[in-house]
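Read through the structure below, which is laid out as structure tokens, and then see the notes.
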Amino acid sequence: MPGKIIIILFLLAILYTLGSSFYFLVRDKGASLRVVDRLSWRVGLSLVLFGLFVLALKLGWIEAHGLLPGPR
């Protein structure tokens with residue numbers, strides 16, 4: 001359960017930075033670097049979340065399964 005909460009918090013933070021970067025893009029009209037800063041945070045949060053998925057997979061906290069059924 002704590003893992004799901006962490007994932008949801010990361011996804012909400014990623015959506016927040018994406019929305020705020022769009023807001024600053026429209027408001028500042030490219031006059032400041034706030035858009036670049038927010039998008040950099042979004043990329044960084046996405047990379048950390050992906051790294052947490054890989055770590056959880058390696059430690060056995062989650063199990064990978066195929067999307068397609070195996071041979072019968």
Side-chain angles (χ1 to χ4, degrees):
M1 185 67 169
K4 290 181 183 180
I5 294 172
I6 291 171
I7 291 170
I8 290 171
L9 289 176
F10 264 93
L11 290 175
L12 288 174
I14 290 168
L15 285 175
Y16 170 75
T17 55
L18 185 62
S20 64
S21 64
F22 177 72
Y23 172 76
F24 289 131
L25 178 68
V26 171
R27 183 171 173 230
D28 293 345
K29 295 183 176 41
S32 71
L33 294 177
R34 291 195 284 188
V35 175
V36 176
D37 291 338
R38 296 296 172 123
L39 290 176
S40 298
W41 270 100
R42 186 183 68 86
V43 170
L45 287 171
S46 299
L47 289 174
V48 169
L49 182 60
F50 182 74
L52 287 175
F53 277 129
V54 171
L55 179 67
L57 185 64
K58 294 287 184 185
L59 293 176
W61 297 342
I62 58 175
E63 294 180 8
H65 60 84
L67 296 176
L68 300 175
R72 294 183 181 189

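The structure presented is a predicted model; accordingly, all values stated were derived computationally and were not measured. Note: hydrogens, waters and symmetry copies are ignored here, and every other heavy atom, side chains too, is used.
- Within the model, atoms CG of Leu25 and CZ of Arg34 stand 11.5 Å from one another, a figure rounded to the nearest 0.5 Å.
- Side-chain contact between Leu11 and Ile7 is present, with heavy atoms from C-beta onward closer than 4.5 Å.
- The hydrophobic cluster containing Val48 also contains Ile62, counting ILVMFWY residues as joined when their side-chain heavy atoms lie under 4.5 angstrom apart, directly or transitively.
- Under the 4.5 Å side-chain heavy-atom criterion for ILVMFWY residues, a single connected hydrophobic cluster contains both Ile6 and Leu57.
- Atom CG of Leu9 sits about 14.0 Å away from atom NZ of Lys4, to the nearest 0.5 Å.
- Distance check, rounded to the nearest 0.5 Å: OH of Tyr23 to CG of Asp28 gives 8.5 Å.
- With sequence neighbours excluded, the residues forming a side chain to side chain donor-acceptor pair (under 3.5 Å) with Ser20 are Arg38, listed by chain and number.
- By the 4.5 Å heavy-atom criterion applied to side chains, Leu49 and Leu45 are not counted as neighbours.
- In this structure, OH on Tyr16 lies 10.5 Å from OG on Ser21, to the nearest 0.5 angstrom.
- Residues Phe10 and Leu52 meet the side-chain proximity criterion, which asks for heavy atoms closer than 4.5 Å.
- Remark: Asp37 engages no residue in a side chain to side chain donor-acceptor pair (under 3.5 Å) (not counting sequence neighbours).
- Residue Arg42 forms a side chain to side chain contact (heavy atoms under 4.5 Å, CB included) with just one option from Thr17, Leu47, Leu15, and that option is Thr17.
- A chain of hydrophobic side-chain contacts below 4.5 Å, direct or via other Ile, Leu, Val, Met, Phe, Trp or Tyr residues, connects Phe24 to Leu18.
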